[in-house]
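Per chain, numbering begins at 1; letters A, B, ... match sequence-line order.
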Amino acid sequence: MRDTAPEPALSTQLLEWYDHHARDLPWRVAPADRQAGMVPDPYRVWLSEVMLQQTTVAAVRDYFHRFTSRWPTVQALAAAEDADVMGEWAGLGYYARARNLLKCARAVSADHGGVFPLDHDALLSLPGIGPYTAAAISAIAFDAPEVVMDGNVERVMARMFDIHTPLPDAKPELKARAAELTPQDRPGDYAQAVMDLGATICSPKSPACGICPWRDPCRARAAGTAPELPKKQPKKAKPVRRGVAYLAQRADGALLLERRPDSGLLGGMLGWPGSPWAESPAADCPPFPADWQVLPGEVRHTFTHFHLILTLKTAPLPDGPAPEGLLIVKRHDFRPSDLPTVMRKAYDLWRGGAE
DNA sequence: AAGCCGTGGTG
DNA sequence: TCACCAAGGCT
C-alpha cells in the first residue's frame, strides 16, 4: 500500500531538511540522537504538546522548564496540589488545559501504572488528549505512523495541493492529503518536521517559499496563491464587556481573593472578587460594605470572544473571617504570578498607583 | 456541533 | 490600534 503512494519522495525530502534545520527544543530529541537510538520521554512529550495547544513555542519554553523542574515525572505531577499546578500555569491561558493536565496525570498514575499507554484509543480517552495530541504522542514518543493534524499541517497541505475550500469544510480533504504523505519510516521526526516547516517557513502571512524544501512540488507556490491559503470562514466581531473588580487589603497586607469555579472563564484560577462582566454598564456589587474608592485608570484585556474593560475599586479589609465564598491570602502567601493575566493587570495597576 | 475557552506576537 | 494567528479540546 505504501509502495503505491503517489508522492513517496516528498517525506524523504522533508526529513532531509529536518535533519539540518530541526529547531532545538527542550522536549525534543534531536534527529541525529533519535537515529542513534535515543527515545523521547513520553511525559515530556505529552506535557509539551498540551502546553503547545493553540500556544506558541516562545510562550511555552519557560513554563515547560518550570513544570519539569518542579514535577520531573508524571507521578510527581499526579501528587501535586491543585492550587500549585494552577499557579504554575497562570499566564499561559486556556486553563481547562491545566485542570485536565492534573486529571490526566492522576489517571495515568492510577490506571496505567504511571506509564503513558501505547494504544491510540487509550490515549484519546484521557482528559485533555484529543485527536491531535493523541496522534502527536503516538508519533513523537512512540514513533508510530499516525497522521498528525494541527493548524500548521492544515496550512501546509492546503498550499501543497492548492486547496481553496474554506476551513473547517476542508478538514477531511486536508487530512486525506496529509495521510498520503505520512511515511512509515521516521514518522515521529516527519510529524515534527511538518510542524517546524509550518511554524518557520510555511508561515501564515508571508511564507518563505524561496527556501522551502517543498517549493518545487508545492502547487500554491506555482499558482502564486500560497499567502492566501488556507481560506477560512470570517470570524465574528468581539463585543465589549465591562465590570468592576474589588481589591481589598488588610493593615497587615493580607488580600481578599476568590477561587473561581472550575467551569467557565478562568476556571479554577485565583481572582479578585467582582461584578459580572456584561455589555451593559457594570453593576456595583462589592464583596463587603465599605467606602470603596475608584482607582484612576482601567484594565483593558481581550479574551477569545470579547474585550473587557475593568474598573478597579479599593477599600481597607477589616479584621475577621473572609466574606462567604472568598479567601483571605496573607501577604507572604500571595504571589502575583499565581494570577491569570487579567487579574495580574488589575494588581499591577493598583500597585503601580500605590508606589 | 457550533460556541466557549487566554495570551502574546505580529503586520 | 487592531485583527489575525498559534503544536486544540470540551460540551
Sticking with atom [atom1], work out how far [N] lies from [M], rounded to a whole angstrom.
{"N": "B:dG6", "M": "C:dT11", "atom1": "P", "value": "14 Å"}
{"N": "C:dC4", "M": "B:dG3", "atom1": "P", "value": "16 Å"}
{"N": "C:dC2", "M": "B:dC5", "atom1": "P", "value": "23 Å"}

Check whether any side-chain N or O of [X] sits under 4.0 Å from OP1 or OP2 of [N], and answer yes or no.
{"X": "A:T133", "N": "C:dG9", "value": "yes"}
{"X": "A:R155", "N": "C:dA6", "value": "yes"}
{"X": "A:K238", "N": "C:dA3", "value": "no"}
{"X": "A:K232", "N": "C:dA6", "value": "yes"}
{"X": "A:H305", "N": "B:dC5", "value": "yes"}
{"X": "A:H301", "N": "B:dG6", "value": "no"}
{"X": "A:Q54", "N": "C:dA6", "value": "no"}
{"X": "A:T341", "N": "B:dG8", "value": "yes"}
{"X": "A:Y94", "N": "C:dC10", "value": "no"}

Worksheet entry | 5'-most by nearest nucleotide on DNA chain C - A:P131 or A:K236 |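 Upstream on the strand: A:K236.
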In whole angstrom, what separates [X]'s [atom1] from [N]'s [atom2]?
{"X": "A:M51", "N": "C:dG9", "atom1": "CE", "atom2": "P", "result": "16 Å"}
{"X": "A:K235", "N": "C:dC5", "atom1": "NZ", "atom2": "P", "result": "5 Å"}
{"X": "A:R97", "N": "B:dC5", "atom1": "CZ", "atom2": "P", "result": "15 Å"}

If you check the [X] side chain, which of [options] turns out closest?
{"X": "A:L265", "options": "B:dC5, B:dG3, C:dG8", "value": "B:dC5"}
{"X": "A:P204", "options": "C:dC5, C:dG9, B:dG6", "value": "C:dC5"}
{"X": "A:L266", "options": "C:dG9, C:dA3, B:dG6", "value": "B:dG6"}
{"X": "A:Y132", "options": "C:dA6, B:dT7, C:dG8", "value": "C:dG8"}

Begin from the C-alpha positions of A:F67 and A:Y43 and carry the test ring pair (Phe, Tyr, Trp, His ring centres under 6.0 Å) through to its verdict. CA-CA 11 Å; A:F67 266 74; A:Y43 168 66; 9.2 Å; no
**Report entry** Pair A:K313 + A:D284, salt bridge at N-O below 4.0 Å
**Finding:**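 Result for this pair is yes, salt bridge flagged.
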| Is A:L167 close to A:P230 at the side-chain level, that is, under 4.5 Å between some pair of heavy atoms? |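 Yes; the side chains approach each other to less than 4.5 Å.
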For the residue pair A:R28 / A:S48, report whether a side-chain donor-acceptor contact shorter than 3.5 Å exists.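 No, because no side-chain N or O of A:S48 sits under 3.5 Å from a partner of the opposite role on A:R28.
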*Check the side chains of A:H307 and A:T302 for a donor-acceptor pair under 3.5 angstrom, ignoring hydrogens and angles.*
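Yes - a donor-acceptor pair under 3.5 Å links their side chains.
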If you take atom types as modelled and just measure distance, does the side chain of A:T55 reach the base of B:dG6 with a donor-acceptor pair under 3.5 Å?
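Answer yes: a donor N or O sits under 3.5 Å from an acceptor.
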*Looking at A:F161, does the NZ or CZ of A:R219 lie under 6.0 angstrom from its six-membered ring centre and within 45 degrees of the ring axis?*
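No, A:R219 does not lie over the aromatic ring of A:F161.
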